[in-house]
Amino acid sequence: VSRQLKEEIRRGFAGLEDPLAGLLAMLESSSDWKGKGHSLGYYITSELQLWIKEHPAGPQSGIQLKKLQARVLGILSQCPANLLDPLISIYQLHTADRNYLLEHVSHLYLKGSYKEAAILSMKLKLQPDQDVEKMCTPLLLQDKANMVEDYVGEYPELQSKLLQILDTWCEPSFNIRDITRPYQGLSRCKAEKFNRRTLSKLVFRLLDRFNVDPALCPNVINQRHLRTLNYLFYKRFVEKTMTEENWADHIQSTVGENRWLQGHLIQLLVRHCGERAAARWARHWGVPVDMLPPGLAEQLPEPHTQERIEEVTKADNYEDSKKKDYYQLPIPRENIHLLQTWEETLQCWEKVLQPGQVVGIDMEWKPSFGMVGKPRVALLQMAVKDEVFLLDLPRLLEQAEVEGEKEKLPRFMQKLYSDADITKLGYGMSGDLSSLAATCSALKDTEKQQHGVVDLLTVDKQVDGLSPEHSHEERGARQPEKGLSLLVQHVLGKPLDKTEQLSNWEKRPLREEQILYA
DNA sequence: ACGTGGTGCGACTTACACAA
DNA sequence: TTGTGTAAGTCGCACCACGT
């Protein structure tokens, strides 16, 4: 749009006695303002906004402005979105009578223009005087969670209130249909997608985004932990890829002192591994007798040392039988160093930071399993040609804290990642780095300035695309191996043993199996 | 289980040419 | 000059595959 047009517009304003009324007359007269984007109306309106800034007229007479405001509201409900801000500013709607504005918005709402009502409310900052539940429900049904986020974005009280409402929707006895029924006729309403699963996802997003106390949403938290329990049982008894020890550890930290979860755990135990094991766990927490399924209570006082031993040896045999079929690093055990002091670590760094060095990098952390917050790296592995270093990160960082040398690790990592003459080798390294950033806030921007990094995940993808003849010749049965393990199987003949992948990497001392896996 | 990063598809804008 | 219709570009979302 030419400068000419703008000048012409301005001349027009100067000629009018009351430009504000003039603009309204213009907008009203052309009834169909379907012109999206940069229409003439938009240009004129935004020019007027600038013009007013340059020619601050004295305060308008109150009554006259009120009349104009009444008229502009009629336009607001029809005009394109990009006119909203200029119009609100020009006619100073934020100074208008709130009750009047609220009434107008509620009119929009009753018309079924829920989105428009919400947008206008946000622009006019009307949220504190509105009912969060009423305003947000139709938006949520229309899958507009983002808008809901924005709607409560600046009001912590509304955030808490909204989260509490969402949590009550997740109560076991609550019927979500009660919420959706009034809005049945809603366009693109996805009532069937509106279940507890998506709700709890939303709740966690909001909890994270607004830093609200998770205790406000007990139902959602409980359900999340229950899902974790189900998953752990699946891993242990269906997929059979988790050892008794790792499984028990995760069960323990998921259930904790929560009676409700303890009850569910007992039921799962009865189903998957019999009443004796269930009774043992029930005893362990002192679960009240009336919470137990009938028939289980009698087994409580039973001595259980014998079964325990039995079970552990069974697990051991199960381990041994499988172990030989997996690939193992051809590095003698004495060249695998677990580093727990800075003195040893500095020696390791000296070897790693050689020009031209090639170093393999990987990290381990405790699986999140529904815990809030991002995981912290518990072990940092680095390998050169025939030596492996395992850095006990929690311990080293703690020591550095005491000695006031917090920058030690970040400085090393920066140097390592930015040096193009040192090749960093890994598999799916972006995940490692993001966990590392959560562990050590000084390393947030390491990702941007990295040189000499080779990620075998991407290499694998490219090579795999060129030579697809591997896959279906060997056997009709699909290989369960995937990811790095599959790659190792292709290149080195045998897959990897991933049993320790989901173990508790924060627990010390590390078990020998964990060290070998690392 | 969760978190992340990449991918593909559809919805939604934006840009532009053209007819009225 | 305006509004319309089509083409191109963005954005967002669901999905998958992988990590712990």
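Lettering follows sequence order; numbering is per chain, from 1.
Counting only residues at least two apart or on different chains, no ring-ring contact (aromatic ring centres under 6.0 Å, His included) pair has a member in residues 196-226 of chain A.
Qualifying salt bridge (charged side-chain N to carboxylate O under 4.0 Å, His left out) partners for A:Asp419, counting only residues two or more places apart in sequence or in other chains: none. Residues meeting the salt bridge (charged side-chain N to carboxylate O under 4.0 Å, His left out) test with A:Lys406, sequence neighbours left out: A:Glu401. When the salt bridge (charged side-chain N to carboxylate O under 4.0 Å, His left out) test is applied to A:Arg271, no partner is found at least two apart in sequence or on another chain. Residues passing the salt bridge (charged side-chain N to carboxylate O under 4.0 Å, His left out) test with A:Glu171, sequence neighbours excluded: none. Under the rule for a side chain to side chain donor-acceptor pair (under 3.5 Å), A:Gln223 has no partner lying at least two apart in sequence or in another chain.
Distance A:Leu202 CG to C:dC13 P: 12 Å, rounded to the nearest Å. As rounded to whole Å, 12 Å separates atom C1' of B:dC2 from atom CG of A:Leu232.
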- What string of B, S and - do you get for nucleotides 15-20 of chain C, 5' to 3', if B is base contact, S is sugar-phosphate-only contact and - is no contact with any protein heavy atom under 4.0 Å? ---SSB
For nucleotides 4-8 of chain B, list the nitrogen or oxygen atoms of the protein found under 3.5 Å from its nitrogen or oxygen atoms, one pair per line.
residue, atom, partner, partner atom, Å
B:dT4, OP1, A:Lys374, NZ, 3.3

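Side-chain atoms of A:Thr241 and A:Glu239 form a donor-acceptor pair, as typed in the model, at a separation below 3.5 Å.
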Review item, side-chain donor-acceptor pairs of residues 428-437 of chain A, under 3.5 Å, at least two apart:
residue, atom, partner, partner atom, Å
A:Ser434, OG, A:Gly431, O, 3.0

